[in-house]
Amino acid sequence: MPELPEVETVVRGLRRVLPGRSITRVRLGKTDFIDDPAALYEALPGRRIARVERLGKFIQIELEPGGGAQGCEARVNLMVHLGMTGRLAVRSPDEPVAPHTHGFFHLDDGQELRYTDIRRFGRILLLDDDGITSLQARLGQDPLEITAQEFCRQLGRRRAGVKALLLNQTVLRGVGNIYADESLWRARIHPARLGARLKVAELRRLWQSLQRVLRAAIGSRGSSISNFLDAEGKPGGYQRWHRVYRRTGKPCPRCGAAIRRATIAGRSSHYCLRCQPPPRSRPVAKRRRA
DNA sequence: AGCTCTTCCTGAAAGC
DNA sequence: TGCTTTCAGGAAGAGC
């Protein structure tokens, strides 16, 4: 489940090898997660990679103008969203191809950039600079860049549950289920509390907790839960530091009470009921099923 | 407009 | 043992 720290880890890995390389050839397997497969074949060959950036949970591979079948002058960005199980890694063609590898981007040094995605919840698309601008406008601010004041303003005016707000990419870009749960536990805020009902002191605590958790996770090269691997194929180490995520029934590291699990905002949520008191007016949402 | 819920997909793990 | 069910979840799209 690549979230901001995992995507940042992949981006840093790719940044060490991709800039300056050109894409010579594109091969695709299943394409149901690619917006416009024909555009990849058409626009990418001959293009040189300028930079690799992160935009929320998107990996942005900037390609220089020129190249492509049309010899197009506009700059193009290869955007890759890893979804749940996506992996993007540079491999030698001799190395065995992992199952569910659906994208091969051959490079001018003989290596291959490979995209592997078991569940195909990921997404690949091309964006020109206008497309980047409108994507940026659609997304909220990066949680590592947003100021405390702006964070409090954005969350404090919303009536949705705070966990739903953290997961909403138009509020903040990059937070997913793991780091939402971990930062809420650190800030001692129940995930079902409503944004507008949080005190400023609580919102400030959440802002700081989120920053600390994300920075620590980047320092550990992300969390490997299901099958996250970075650009070199190595797992992250932050799962050892998870305090509540997937620790249902285990003691809260702060107070010893058993960690609870409930579905909140449509996601499995983990929290300590003693450290994170639930909202009084609305009991914790229980999942109903048809 | 704001918010919640369902749906897509596969494999691991739990349940029977 | 082997089959079935549940769970994992990012985000588009439907529905309220």
Side-chain angles (χ1 to χ4, degrees), chain A residues 1-8 10 29-36 54-59 79-88 98-103 115-125 127 131 134-140 142-143 153-182 184 191-198 222-229 235 239 242 244-249 259-270 279 281-290:
Chain A
M1 43 219 67
E3 306 179 25
L4 188 154
E6 290 75 34
V7 177
E8 181 65 28
V10 172
K30 291 190 180 177
T31 57
D32 54 350
F33 60 96
I34 300 174
D35 283 33
D36 186 354
R54 178 180 62 76
L55 188 53
K57 295 179 197 171
F58 282 94
I59 297 163
M79 307 298 290
V80 180
H81 195 302
L82 301 177
M84 273 284 293
T85 52
R87 288 181 194 168
L88 197 55
H100 307 286
T101 300
H102 298 299
Y115 182 73
T116 306
D117 192 347
I118 296 171
R119 291 179 217 175
R120 304 202 304 284
F121 273 23
R123 193 175 166 201
I124 296 181
L125 69 160
L127 290 179
S134 64
L135 175 62
Q136 244 161 353
R138 201 162 67 237
L139 296 173
D142 193 285
R153 200 174 73 83
Q154 291 295 335
L155 275 76
R157 67 176 182 177
R158 300 291 214 109
R159 268 164 283 282
V162 63
K163 169 114 182 209
L165 293 173
L166 287 175
L167 295 179
N168 185 339
Q169 302 298 297
T170 68
V171 175
L172 280 179
R173 59 179 194 239
V175 181
N177 207 35
I178 298 173
Y179 300 103
D181 278 4
E182 291 297 315
L184 286 167
R193 297 274 306 280
L194 304 187
R197 293 271 180 92
L198 293 171
S223 301
S224 286
I225 290 291
S226 56
N227 63 350
F228 168 73
L229 296 175
Q239 63 280 3
H242 291 177
V244 286
Y245 184 77
R246 290 223 187 164
R247 298 189 72 250
T248 311
I259 301 296
R260 307 282 191 113
R261 190 188 83 83
T263 298
I264 296 169
R267 288 284 164 268
S268 163
S269 299
H270 311 79
S281 51
R282 202 179 63 162
V284 171
K286 281 274 184 261
R287 180 96 163 165
R288 54 177 170 72
R289 185 67 217 163

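Note on naming: letters A, B, ... go to the chains in the order of the sequence lines (proteins, then strands), and numbering restarts at 1 for each one.
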Would you call A:Asp181 and A:Arg267 a salt bridge, using N to O less than 4.0 angstrom?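 Not counted as a salt bridge, because no side-chain N and carboxylate O are separated by less than 4.0 Å.
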Is A:Arg120 salt-bridged to A:Asp32, going by a charged N under 4.0 Å from an acidic O?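 Here A:Arg120 pairs with A:Asp32 in a salt bridge, since their nearest N and O are under 4.0 Å apart.
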What's the closest nucleotide to the [X] side chain, out of [options]?
X        : options               : result
A:Gln169 : C:dA8, C:dA11, B:dG11 : C:dA11
A:His81  : C:dG10, B:dG2, B:dC9  : C:dG10
A:Ala164 : B:dT4, C:dG10, B:dC3  : B:dT4
A:His100 : C:dA11, C:dA8, B:dT10 : B:dT10

For the pair made of [atom1] in [X] and [atom2] in [N], what is the distance, rounded to whole Å?
X        : N      : atom1 : atom2 : result
A:Leu125 : C:dA11 : CG    : P     : 12 Å
A:Arg138 : C:dA12 : CZ    : P     : 7 Å
A:Asn168 : B:dG2  : CG    : P     : 10 Å
A:Arg123 : B:dC9  : CZ    : P     : 16 Å
A:Phe33  : C:dA11 : CZ    : P     : 16 Å
A:Arg120 : C:dG10 : CZ    : P     : 18 Å
A:Leu155 : B:dC3  : CG    : C1'   : 14 Å
A:Ile118 : C:dG10 : CD1   : P     : 16 Å

Measure the spacing between CG of A:Leu194 and CG of A:Leu165 and express it to the nearest 0.5 Å. 8.5 Å
Side chains of A:Leu166 and A:Tyr179: closer than 4.5 Å at any heavy-atom pair? no
Taking only N and O in the side chain of A:Lys57, is any of them less than 4.0 Å away from OP1 or OP2 of C:dA11?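 Checking A:Lys57 against C:dA11: at least one side-chain N or O falls below 4.0 Å of OP1 or OP2.
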Between the base of C:dA8 and the side chain of A:Arg119, is there any donor-acceptor pair under 3.5 Å? yes
Side-chain donor or acceptor of A:Arg158 under 3.5 Å from a matching atom on the base of B:dG2?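 For A:Arg158, whose side chain was compared with the base of B:dG2, there is no donor-acceptor pair (under 3.5 Å).
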Go through A:Arg261 and A:Ser268 one step at a time and tell me if the side-chain hydrogen bond (donor to acceptor under 3.5 Å, both in side chains) criterion holds. CA-CA 7 Å; A:Arg261 190 188 83 83; A:Ser268 163; 3.1 Å; yes
